[in-house]
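We count residues from 1, following the sequence as given. Counting convention: from 1, in listed order, for ligands and their atoms alike. Predicted, not measured: the structure shown is a model, and the values here were computed from it.
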Amino acid sequence: MQVVDNVAALREARAALGNVGLVPTMGALHAGHLSLVEHARNDNEHVIATIFVNPTQFGPHEDLAAYPRDLPGDLALLEQAGVSLVFTPTPDLMYPPGYQTYVMVEDVAQGLEGERRPGHFRGVATVVAKLFNLIQPQRAYFGQKDAQQVAVIRRMAHDLNFPLQIMVCPTVREPDGLAMSSRNQYLTQPQRAAASVLYRALQEAGRLYDAGQRHPDILRQAMRSALAGQPLVAQIDYVSVADARTLKEVESTGDAPLLLSLAVEIGRTHLIDNCLLPLALNTPEGLSAALGRP
Ligand code: AMP
């Protein structure tokens with residue numbers, strides 16, 4: 001496995017590889033990231049991973065400085081997972097003095113996380129567009145856990161004519177259902193135990209849907225009451241029942257797949273989770289078809 005931290009070395013190393021699957025990450029890797037690598041390995045000759053804690057996607061009051069970092073540990077995991085090349089740029093390399101070009105995706109980046117974190121998806125779309133240009137992969141792999149991010153990147157790739165496929169991989173969970181996340185490290189032990197309530201809330205609404213309940217407000221209410229039953233949930237940021245393609249809230253349900261999503265604060269940690277309805281859609285094929293392919 002080769003590790004490069006500058007553009008010339010990246011371009012040279014990439015040129016020596018054929019078909020490439022790209023897995024962009026911010027490091028502090030866990031089994032969720034590694035499942036993206038595994039999918040990428042199955043579909044492509046080579047996997048390129050990137051590790052970059054992207055400053056432009058953090059708000060001024062967010063956890064950029066505190067974000068967990070473990071480069072040696074991450075590189076060991078990526079090597080074991082069969083990655084060919086890792087790109088580890090510095091913020092200065094990606095955004096040198098005088099940098100002033102950004103990518104903004106409109107509607108699909110507005111609600112949910114976009115509303116809670118102004119500027120977040122501008123940072124995400126910009127860095128991912130830069131990585132697509134630098135690496136020119138045939139496919140790029142993203143996790144369902146950040147479903148709105150998938151929708152934003154899909155839209156951006158389509159609108160800007162990037163010649164690649166966006167692949168969506170199912171959320172990898174802890175045994176109690178908590179979606180794996182680098183930010184779970186911030187949780188104290190009681191908070192960690194409480195955090196499984198996100199998954200339970202989704203499951204409860206999902207079971208209602210699969211049993212025939214089609215009223216979005218009843219699904220929203222089911223998620224809210226499950227979350228409200230956990231005293232360590234300091235704040236419910238949102239619960240959402242949206243059209244999986246547009247991410248617009250629905251007032252009635254038809255045949256289109258739905259995305260249930262929610263976000264809470266436990267202590268000062270922002271946790272998100274989501275699932276598609278019907279629940280049977282939460283597979284790589286179901287996700288790739290449903291999550292807003294333009
Ligand atoms: P991050 O390092 O948090 O930016 O995540 C890098 C990629 O890994 C993104 O595409 C995430 O959606 C994906 N990812 C993060 N957590 C999980 C998880 N638990 N299961 C599947 N994919 C994940």
> With the 4.5 Å side-chain cut-off for hydrophobic clustering, are Leu131 and Tyr99 part of the same group?
Replying inline: yes

>> My understanding is that only residues two or more places apart in sequence, or in another chain, count here; which of them pass side-chain contact (heavy atoms from CB on, under 4.5 Å) with Gln213?
In response: Leu208, His215, Ile218, Leu219

>> I need the contact residues for ligand 1: any residue with a non-hydrogen atom closer than 4.0 Å to the ligand, ordered by chain then number.
In response: Pro24, Thr25, Met26, His30, Gly32, His33, Leu36, Tyr67, Phe142, Gly143, Lys145, Asp146, Gln149, Pro170, Thr171, Val172, Met180

>> List the residues meeting side-chain contact (heavy atoms from CB on, under 4.5 Å) with Glu45, not counting sequence neighbours, and say none if there are none.
In response: Asn19

>> As a quick check of understanding, evaluate side-chain hydrogen bond (donor to acceptor under 3.5 Å, both in side chains) for Gln185 and His30, giving each step before the final call.
In response: CA-CA 11 Å; Gln185 298 182 24; His30 51 66; over 6 Å; no

> Would you call the rings of Tyr95 and Phe52 parallel, tilted or perpendicular if under 30° counts as parallel and over 60° as perpendicular?
Replying inline: tilted

>> List the residues meeting salt bridge (Lys or Arg N to Asp or Glu O under 4.0 Å) with Asp176, not counting sequence neighbours, and say none if there are none.
In response: Arg192

